[in-house]
Undergrad: 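Got a structure for you, written out below as structure tokens; questions coming shortly.
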Amino acid sequence: MSAELDLSPPEVPEPTLLESILRYGLFLGAIFQLICILAVIFPTSKGHEQEETESTDGKAAELTKKPKGPAPQIRQKPKKESKKKR
């Protein structure tokens, strides 16, 4: 058993330029994702609200219109049954 323990911090090499770029790129990507998630949770676009009210008004107007006659049905030819020859 050794009397002296080496408690000095391990030697860590300086980060290279590529490692620094990757590190900060990951931070920027994480911040961008958080902003996108918050934008979905808390929508604040006023133009979007106006579009929604216009689309609901358009739907209500469509419902009040008199429905037209029944839609023409597509005629299909009956399948011919062929007898098997034995």
Side-chain angles (χ1 to χ4, degrees):
M1 301 203 168
S2 64
E4 292 183 33
L5 295 175
D6 187 17
L7 298 176
S8 64
E11 294 181 20
V12 179
E14 290 287 324
T16 63
L17 178 65
L18 180 62
E19 290 174 345
S20 298
I21 291 172
L22 286 174
R23 184 170 142 204
Y24 290 115
L26 287 172
F27 282 126
L28 289 175
I31 291 169
F32 178 74
Q33 287 182 353
L34 288 175
I35 291 171
C36 290
I37 291 170
L38 291 175
V40 169
I41 294 173
F42 304 110
T44 58
S45 174
K46 293 180 181 177
H48 182 67
E49 291 173 1
Q50 291 174 352
E51 290 174 4
E52 284 181 359
T53 55
E54 289 175 2
S55 65
T56 54
D57 291 343
K59 289 179 183 176
E62 289 176 7
L63 292 176
T64 57
K65 290 181 181 178
K66 187 175 181 180
K68 296 181 180 179
Q73 296 190 7
I74 300 171
R75 296 184 183 184
Q76 295 180 352
K77 294 182 180 179
K79 294 182 180 178
K80 294 182 181 178
E81 295 182 15
S82 61
K83 295 182 180 178
K84 294 183 179 178
K85 296 182 180 179
R86 296 184 185 185

Undergrad: With the 4.5 Å side-chain cut-off for hydrophobic clustering, are I37 and F42 part of the same group?
TA: yes

Undergrad: Show me the pairs that pass side chain to side chain donor-acceptor pair (under 3.5 Å) and involve residues 19-40, at least two apart or across chains.
TA: none

Undergrad: Nearest 0.5 Å, please: how far is CG in L28 from CD1 in I21?
TA: 11.5 Å

